[in-house]
Each structure stands twice: as structure tokens, then as C-alpha cells.
Amino acid sequence: MTYADEVTTPLAGWTDELARTRLHFVSGKGGTGKTTLAAALGLALAHSGRRVLLIEVEGRQGIAQLFDTEPLPYAEQRIASTPGGGELRALHIDVEAALLEYFEMFYNLGFAGRTLRRMGAIEFATTLAPGLRDVLLTGKIKECVGRTESDGRHTYDAVVVDSPPTGRVVKFLDVTKALTDLAKTGPIRGQADGVVRLLHSGETAVHLVTLLEEMPVRETVEAVAELDGADLRPGAALVNRVRPPRLPARSITAAADGRVDASRVRAGLAATGLKLPDETLDALVEETVEHAIRVAAEQRAREQLAEADLPTLELPELTDGIDVAALYELAEALTEQGVR
């Protein structure tokens, strides 16, 4: 049975199964706000005294920009605290640094690795074997998830990864399995086996960020099928930038068809003491039709998204833009929907 077969009806909110997940990948079509929601999810998971690590793998320094900090180094550093004493740390994984760390950890070749860097051999190696880059990234993620303190407790209660977009996320997560087939023995095989076990286990989930628009929703549904085909567990659908409807549900269909009675609108406004010029009233009617068309399209997108059978959480559109305060606001919206 595949992960998709285990879910038979659409779910709302965060499930108990997701609450037990320790490694959260956040993906989505470009432009849907996946980095923003990865950061908000990290803050939500850090609520009530937990320690969470937020990882960036694409080299864009998007996390630093969101939190208005200096570019992140290849080191875990605290970037935010949460109510109840929680802590969010962040890590920007540099591929070259990860490869040097790999050489030193598994082959005791720290000095040789630095020599290779000066020779340009690292860039050559990752160009010759493009999958090696993703292996290094996922290997470092695994190390962060599995790391423990002297008392045996995990260093991090959860790890959140701002992942590649939906078009590349399965290749990113499944590349280590391909390497396992190539490397039959030695540290590379052991490392690859460990990564494969983690990524294909119940400890890992891939959340998909979408908007209530046809293309992002379609790509989300396709990504769920692709994840399921690779035996990777889809997590939740995170619906971003949701706007409230301004019309009664019973009026949407008629208004979307352009059937808005301007005389009734005028009478309603007059009853409140507002008397508008004809051109202003015409513009108001036009906006009403456009709004109804958008609401109807969003409803169709919701119905299409329901085909994915994922737990679904909705995040509001923040009209003042995204800053640190907005991240906390989004995190609060997630915790209100059960994220823990």
C-alpha cells in the first residue's frame, strides 16, 4: 500500500501523524511562497519550548532575507525565539563545505579536502556527478535530524527544509537511492542507506505550498502522485494567500455571470446615506463581478485540490507584505490549525 492509498478522505488541519514527524520538507511551485511558509512552519513547530532547525539548500539566502539578518554561514545559528522558550535556528548548507566535512568525517581527509578545493576538484566532482550535490545536501540534513546530546535526546525536536520547487523535489529526495545502487560498499553506501531509510520513513513528510489558482493546484496534485510513486510521504497542503469572500455564497454564481442589479446596489447604498455618481457605481459593479469571478475560480481550485486527499491548512493574505512580524502571524495561524 502506498502513502496515497492510506488517506481516503480530505482532512483539515494538522494530524496526529504529522505531529510525530521530525523532518519536514516544504516544496511548492515557484512564486507560491514556499520559503515564507517554511519559515512560518519552523516558528510554529518551535512553539512551547521546542528547538527547531530551519535549513536552506538552494543557495538563495532567502531565510536570511526573511529574518532581516546577515547571509547565513555554514553553521547553525539562532535566528528567532518563540513563546514558551522555543528556539528556531537556521543553517545554509554550502555544498563545498558539506563535501569537505564529508571527506573529514568518513575518510579523515580534512587536509586533502582543502587541497581539492584549491584545485577546483570539488566543482569538477559535483559537475561530473550532478546527483552528488543532492547526496551531500540530504546527507547533511540526515546528520542534523539524527544528532543527539550527551543525555541521548535529539538536538532538534524538528527539522524544516526549504526544499527545491515541486518540479524538482522528488529528484532531490530520491537521488540518494540511485547512488545506493551505484555504491555497493564503503562509507558512501552506508551514508546513502541511512539517508534513504530516513527519507522513506514515517519521520519524514513533504508539505506542498499552493495558491488557490489553477496552475499551482494542478502542480500540487501532480506532485502528490509523483511523491507517492517514489514512496515518499506527502504531508499537508499549505494554501497560501487566502482572501476572504466579500459576497454571500448565494450571490457568487449570479455575480460571476455578470448579473449584478445596479439599481439594487444604488438603493442599498442610499439606505446607508451614500449617494454615488453613476461612473463610481459602474466601477463598483465591475469590481463586484471581478471579485465573484475570482471567488468562483478559487472554489474550483479547492475542489481540484481535494483530489490530493491531503490535510489542508490555509494561510491568510497579508496585504502589508512579509516581515518578521508577519512570519509570527503566519506561525500563529498554523498553530491555531493544530501544528505542533
Could you tell me the separation between the [atom1] atom of [X] and the [atom2] atom of [Y], rounded to the nearest 0.5 Å?
X: Asp323; Y: Asp68; atom1: CG; atom2: CG; answer: 9.0 Å
X: Ser263; Y: Leu281; atom1: OG; atom2: CG; answer: 9.0 Å
X: Lys29; Y: Thr220; atom1: NZ; atom2: OG1; answer: 9.5 Å
X: Arg22; Y: Ser201; atom1: CZ; atom2: OG; answer: 10.0 Å
X: Thr82; Y: His47; atom1: OG1; atom2: NE2; answer: 7.0 Å
X: Glu213; Y: Thr210; atom1: CD; atom2: OG1; answer: 8.0 Å

Mind listing the closest non-hydrogen atom pair of [X] and [Y] along with its distance?
X: Ala326; Y: Gly321; value: CB-O, 3.7 Å
X: Ala255; Y: Ala292; value: CB-CB, 3.4 Å
X: Ala40; Y: Leu330; value: CB-CB, 3.7 Å
X: Val217; Y: Leu305; value: CG1-N, 3.7 Å
X: Pro316; Y: Ala333; value: CD-CB, 4.3 Å
X: Ala80; Y: Phe67; value: CB-CE2, 4.0 Å

Do the non-hydrogen side-chain atoms of [X] and [Y] ever get within less than 4.5 Å of each other?
X: Arg89; Y: Val52; value: no
X: Leu88; Y: Ser81; value: no
X: Ile63; Y: Leu54; value: yes
X: Val239; Y: Leu315; value: no
X: Thr155; Y: Arg51; value: yes
X: Ile93; Y: Glu56; value: no
X: Thr138; Y: Phe172; value: yes
X: Val206; Y: Val170; value: no

Going only through I, L, V, M, F, W and Y residues with side-chain contacts under 4.5 Å, is there a path from [X] to [Y]?
X: Ile322; Y: Leu211; value: no
X: Val339; Y: Val242; value: no
X: Ile293; Y: Ile252; value: no
X: Leu327; Y: Leu45; value: yes
X: Leu313; Y: Val221; value: no

If we ignore hydrogens and angles and just use 3.5 Å, is the side chain of [X] paired with the main-chain N or O of [Y] as donor and acceptor?
X: Gln299; Y: Val295; value: no
X: His207; Y: Ala236; value: yes
X: Thr35; Y: Gly62; value: no
X: Ser163; Y: Ser27; value: no
X: Ser251; Y: Leu247; value: no

(request) Take Val224 and Asp309 through the test side-chain contact (heavy atoms from CB on, under 4.5 Å) and record every step on the way to the result. (result) CA-CA 9 Å; Val224 170; Asp309 285 333; over 6 Å; no

Is the shortest side-chain N to carboxylate O distance from [X] to [Y] below 4.0 Å?
X: Arg340; Y: Asp16; result: yes
X: Lys34; Y: Asp162; result: yes
X: Arg168; Y: Glu58; result: yes
X: Glu314; Y: Arg243; result: no
X: Lys140; Y: Asp94; result: no
X: Glu298; Y: Arg294; result: yes
X: Glu222; Y: Arg218; result: no

(request) Decide yes or no on side-chain contact (heavy atoms from CB on, under 4.5 Å) for Asp134 and Val57, but give the supporting numbers first. (result) CA-CA 9 Å; Asp134 292 343; Val57 297; over 6 Å; no

(request) Take Leu91 and Leu72, measure what side-chain contact (heavy atoms from CB on, under 4.5 Å) needs, and give me the verdict at the end. (result) CA-CA 7 Å; Leu91 170 66; Leu72 297 173; over 6 Å; no

(request) Return yes when atom CD of Glu149 has more than 12 non-hydrogen atoms of other residues, nucleotides or ligands closer than 6.0 Å, and no otherwise. (result)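 For Glu149, atom CD is crowded (more than 12 foreign heavy atoms under 6.0 Å).
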
(message) So, applying side-chain contact (heavy atoms from CB on, under 4.5 Å) with Phe25, which one of Val159, Thr204, Val160 is it?
(response)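 Output: one option passes, namely Thr204.
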
(message) Just by distance, no angles: are the side chains of Arg233 and Thr21 close enough, under 3.5 Å, to form a donor-acceptor pair?
(response)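 Judged by distance alone, the side chains do pair up.
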
(request) Quick one: do Leu318 and Asp320 satisfy side-chain contact (heavy atoms from CB on, under 4.5 Å)? Show the steps, please. (result) CA-CA 6 Å; Leu318 303 180; Asp320 292 333; over 6 Å; no

